[in-house]
Amino acid sequence: MDFLLQLKKKAQAKHAVIVFPESKDERILKATSEILREKIAEIILLGDPEKINEQAKSLSLDVSQARMIDPRTDENTQKYIEQYCEKRKHKGCTLESAKGLLMTNYIYYGAMLVENGVAEGMVAGATAPTADTFKAGLHCIGLKEKSTQISSYFVMLLPNNQTIGEKGLFLMADCAVIPDPNADQLAEISLETAANFWDLFGIEPRVALLSFSTKGSSKDPSVVKLREALKITKSKKASLLIDGEMQVDTALIPDVAERKDPGGEIGGKANVLIFPNLEAANIAYKLVERTANAEALGPIFTGLKKPINDLSRGSTIEDIIGTVIVTALQS
Ligand SMILES: CC(C)(COP(=O)(O)OP(=O)(O)OC[C@H]1O[C@@H](n2cnc3c(N)ncnc32)[C@H](O)[C@@H]1OP(=O)(O)O)[C@@H](O)C(=O)NCCC(=O)NCCS
């Protein structure tokens, strides 16, 4: 099944407005041209329209249907600066420092467009580190009710292996934000990622808490943390199909699951993989992406009131378009 095509059709029907703050990046312009051509979303590009058009022309791209907002001349700029300043005044923010930030780092400006409903979502991070997109989201948009954190997941699509996850589709979390989540944070990561899987694909999530151990008797703190996270997650959502701790082969391969975890609830058919920490998760997703030629969309942030998503700086144009599709569907 072509899951990406399915998501694309849903996004086309929704036609959300997505802002790209990094319009100087060639990949962003190429993705914009493709998104507009396929009518996946409406696009706002931040920057000097003359320069954007010039660069697009030199690349033989048509971005004429994109809305272009130049923060230096936009009539709402002062309003956004004042709003940002108000949000961060407890951290000593002044109008001058807010102006300095919004006018030099358009990721913050883009986040203020989302906060004000001018755009319904933002995709950034083609050239900036995750921390920039993360902080713009946290400070300009804030957490949704009942969320205590921003975490993230990747949508992984394996083109040549329909036996893993859900016919080659699975989510991996948290590959980008929380370096060493405790049990409560892992439980929230599990619940949020599972909910996103259901919202995007309408398929029941089967969540595996991954470790080097499969329901062993290890007293290693990392394993104890996972067992605690399992308990907390189940206490918050008893109906969620989640199990662990388990090794990744037990999570993904039914034969191995039968041997290592007979009678286990996941049965080697996990479609949501939760990693014990950022180190393992980030290495794992890149390994799958690069060695199995998987499409990796994200990192998709969870926990924010409105969707702001990040890109890996190594993102391809396809990755950028895919992340816009997911962002549009989160809005
Ligand atoms: C996300 C990250 C940038 C936050 O770092 P930081 O700004 O140094 O975080 P701090 O611990 O100093 O906290 C700063 C503020 O953010 C908040 N915060 C930190 N992590 C948070 C999270 N996951 N969700 C919500 N708030 C968070 C803190 O509570 C604190 O709030 P306060 O200012 O109101 O006190 C950091 O965890 C990080 O670098 N993660 C890895 C990113 C990365 O390199 N990913 C790999 C590339 S894809």
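First listed ligand is number 1; within each ligand, the first listed atom is number 1. Along the sequence shown, residues carry numbers from 1.
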Min side-chain heavy-atom separation L209-M246 under 4.5 Å = no
task = Say whether P179 and ligand 1 are in contact under the criterion: heavy-atom distance to a ligand atom below 4.0 Å.
result = yes
key: Atoms of ligand 1, numbered as shown, that sit under 4.0 Å from any heavy atom of L278   = 41 (C)
request  = Classify the ring geometry between Y84 and Y108 as parallel (under 30°), tilted (30 to 60°) or perpendicular (over 60°).
outcome  = perpendicular
note = Residue, atom and distance of the protein heavy atom nearest atom 38 (C) of ligand 1 read V177 O, 3.9 Å
request  = Would you confirm whether any non-hydrogen atom of the protein falls under 4.0 Å from atom 29 (O) of ligand 1?
outcome  = no
inquiry  = As an exercise, identify every atom of ligand 1 less than 4.0 angstrom from a heavy atom of I178.
reply    = 23 (N)
message = My question is simple, although I want it checked carefully: is atom 26 (N) of ligand 1 less than 4.0 angstrom from any protein heavy atom?
response = yes
Protein contact for atom 40 (N) of ligand 1 (heavy atom, distance under 4.0 Å) = yes
inquiry  = In this structure, does ligand 1 have an atom that sits under 4.0 Å from one of the heavy atoms of K135?
reply    = yes
request  = Using heavy-atom distances, let me know which of K91, K286, E279, H90 sits nearest atom 33 (O) of ligand 1.
outcome  = K91
ask   = Looking at atom 7 (O) of ligand 1, would you say a protein heavy atom lies below 4.0 Å from it?
value = yes
key: Any protein heavy atom nearer than 4.0 Å to atom 3 (C) of ligand 1   = yes
ask   = Is there at least one protein heavy-atom neighbour under 4.0 Å from atom 12 (O) of ligand 1?
value = no
